Amino acid sequence: MSAVGGAFGGNRGLRPMPPEKGIFPLDHMHLCDLEKKEYLHCLKTASHQSEKCRDFSKKYLQCRMEKNLMAKQDLAELGFKGSNVENHDETITERIDN
């Protein structure tokens with residue numbers, strides 16, 4: 001058996017890469033549990049139609065960004081264009097002209 005491959009045949013010399021947008025780190029300290037529970041409750045009562053729970057989804061993502069559980073990113077880049085997009089303590093209303 002070769003010592004190059006490691007226990008499961010993988011190359012031990014390669015560094016693992018984090019997910020591009022990622023969901024890590026996990027919320028082990030339960031910092032955004034309230035927002036998560038509100039979103040999941042909304043999904044359950046709305047027959048899992050996520051578009052009806054966009055406000056809860058946005059609130060959950062904002063919590064994760066504020067608690068450094070995900071990279072800070074403009075909410076418009078996460079699909080919240082055309083709605084009231086909160087940016088830190090300011091409220092910015094974005095309007096899309098067609």
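Fair warning: this is a prediction, and the values are worked out from it, not measured in the lab. Only this structure's heavy atoms are used, side chains among them; waters, hydrogens and symmetry mates stay out.
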Shortest non-hydrogen contact from Phe80 to Arg54?
-> CA-NH2, 3.3 Å
Flag the pair Leu75 / Met65 as yes when at least one side-chain heavy-atom distance between them is below 4.5 Å, and no otherwise.
-> yes
Starting at CD of Glu38, measure out to SG of Cys32 and round the result to the nearest 0.5 Å.
-> 11.0 Å
Taking Asn68 as the fixed residue, which of Lys72, Met70, Glu66, Arg64 is the one that meets the side chain to side chain contact (heavy atoms under 4.5 Å, CB included) rule?
-> Lys72
With the side chain counted from C-beta on, respond yes when Asp27 and Glu35 share a heavy-atom pair under 4.5 Å apart, and no when they do not.
-> no
Under 3.5 Å, side chain of Lys81 to main-chain N/O of Ala76, donor-acceptor pair present?
-> no
Apply side chain to side chain contact (heavy atoms under 4.5 Å, CB included) to Gln49 and list each qualifying residue two or more places apart in sequence or on a separate chain.
-> Ser47, Glu51, Lys52
Check side chain to side chain donor-acceptor pair (under 3.5 Å) between His30 and all other residues, then give those that pass, not counting sequence neighbours.
-> Asp33
List, by chain and number, the other hydrophobic cluster members for Leu40, where Ile, Leu, Val, Met, Phe, Trp and Tyr join if side-chain heavy atoms come within less than 4.5 Å, directly or indirectly.
-> Tyr39, Leu43, Phe56
Any donor and acceptor pair, going by atom type alone, linking the side chain of Ser57 with main-chain N or O of Cys53 inside 3.5 Å?
-> no
